[in-house]
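Below: the structure, in structure tokens.
Counting starts at 1 for both ligands and their atoms, in listed order.
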Amino acid sequence: MDLEQFAALRTPEGSAALDAAARVAGGDPLTAAAALRSAGVPAGLAAAALTQAELRLRATGKFGPAARGMFLTRAGLEQATRGVVARRRAERLRAAGVATLADLGCGLGADALAAARAGIRVYGVEADPLTAAMAAANAEAAGLADLFTVEIGDATAFDVTRVDGVFCDPARRKAGTGRRIFDPSAYSPPWDFVTGLAERVPHTVVKVAPGLDHALIPAGAEAEWVSVDGDLVEAALWCGALAQVPRRATLLREKEGPVAGAEARAFPLTGSGDAEAPVGRPRRFLYDPDPAVVRAHLVAELAGDLDATLADPSIAYLYGDEARPTPFARCLEITDVLPFSLKRLRALLRERRVGRVEILKRGSALEPEKLRRDLKLAGGEAASLVLTRVAGAPTVLICRPVPA
Ligand SMILES: C[S@@+](CC[C@H](N)C(=O)[O-])C[C@H]1O[C@@H](n2cnc3c(N)ncnc32)[C@H](O)[C@@H]1O
């Protein structure tokens, strides 16, 4: 989409085309296009409206019903922060006293809109003119145009003395190809600028990829890893006055909220990120920590809470004598600990009539799907197989779930 097509969507005719597209989107694209044409929508406008309608459907998982009124690009949607994560960040900024915020590289405005909804005055800066125009339209559609304004420009030129907080979510995909950038020095705005913000603005938050190397965390910053329903979604660096602890894992449970539509439940785990968990033999129960806990290097803190131990110092499975309820790890009961041998494992599973297995692994090079085929399972029973190492030796643990 270009700016001209976007402008056409913003006319009354475009708005009617968007409404018509919303009614037919999600099905067969040819039938949808024919339906719009027969309703008298010009071909170019119909294509643009259908693309928006499809993107809005896809965005519902990220933004909920608010997605229905948003303007989106494919790349902008992929990079946008999930609603639940943006809302929590906005609440934390507001609670820290941030009243005015610059969003440097605001994209389609997912974070900025959440901050504005929390009552923060947001100044968005966006280099791409179409994305900036859509962000402004999104502010208007949400009734937040007074609180979230967008200027087209280079974020590095923004006068940060105008605000008391700064948020930056640098682009981690190459413009044009959309390929992921893994090296922070290739982020845009550049990493040096982004991390330098903390020295200029006392309330600075930077969103980063969850794979961020801990060595890149600025001294004194709090690094937070966030997962939603067990999926690791992002990391954020809370700098200056916003830093509360060295490391934090925040687990958000969106699917199992107490009431449908209610805000997700949040479970925080904090610590230094450099503690070491004790190592021992496998015990009766295995805990598989949430990826946010593992990435935040908080396995030792979790081990302390659960009175659990590792079986290998470099593998993040924990073992305990009791199945303690915890939101931070999945718990399985171990029935067998075997040195890995395909033949032996196959024979044992046959004997127990195990026909279905889930396969978990940490510290094993085995390919779960190949193993599943090689096991040639048959029978009505189910089991969980954990491929790992115990004191350096390839090991398989046969497990069963612990009722929640
Ligand atoms: C990861 S996206 C932001 C997504 C946003 N936080 C959201 O949730 O919707 C990064 C954005 O920064 C913009 N950008 C990259 N470099 C920039 C720069 N130097 N100045 C302004 N914007 C920039 C990109 O065009 C992109 O839209």
Every residue of the protein that comes under 4.0 Å of ligand 1, judged on heavy atoms: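 Protein residues near ligand 1 are Gln79, Ala80, Thr81, Gly105, Cys106, Gly107, Leu108, Gly109, Ala110, Asp111, Glu126, Ala127, Gly153, Asp154, Ala155, Asp169, Pro170, Ala171, Ser188, Pro189.
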Proximity of Tyr319 and Tyr287 rings by center, below 6.0 Å: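 No; Tyr287 has its ring centre 6.0 Å or more from that of Tyr319.
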Check residues 33-44 and write down every donor-acceptor pair under 3.5 Å in which the side-chain atom is one partner and the other belongs to a residue at least two apart or another chain.
residue	atom	partner	partner atom	Å
Ser38	OG	Ala34	O	3.3
Ser38	OG	Ala35	O	3.0

Within residues 43-53 or reaching into it, pairs that qualify as side-chain hydrogen bond (donor to acceptor under 3.5 Å, both in side chains) - sequence neighbours excluded: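 Of all non-adjacent pairs touching residues 43-53, none passes side-chain hydrogen bond (donor to acceptor under 3.5 Å, both in side chains).
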Those residues that, when tested against Thr335, pass side-chain hydrogen bond (donor to acceptor under 3.5 Å, both in side chains) (two or more places apart):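 Thr335 satisfies side-chain hydrogen bond (donor to acceptor under 3.5 Å, both in side chains) with no residue once adjacent residues are dropped.
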Thr81 and Lys207: side chain donor to acceptor below 3.5 Å: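 Short answer, yes.
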Glu358-Ser384 side chain donor-acceptor pair, cut-off 3.5 Å: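 Yes, side-chain donor-acceptor contact under 3.5 Å.
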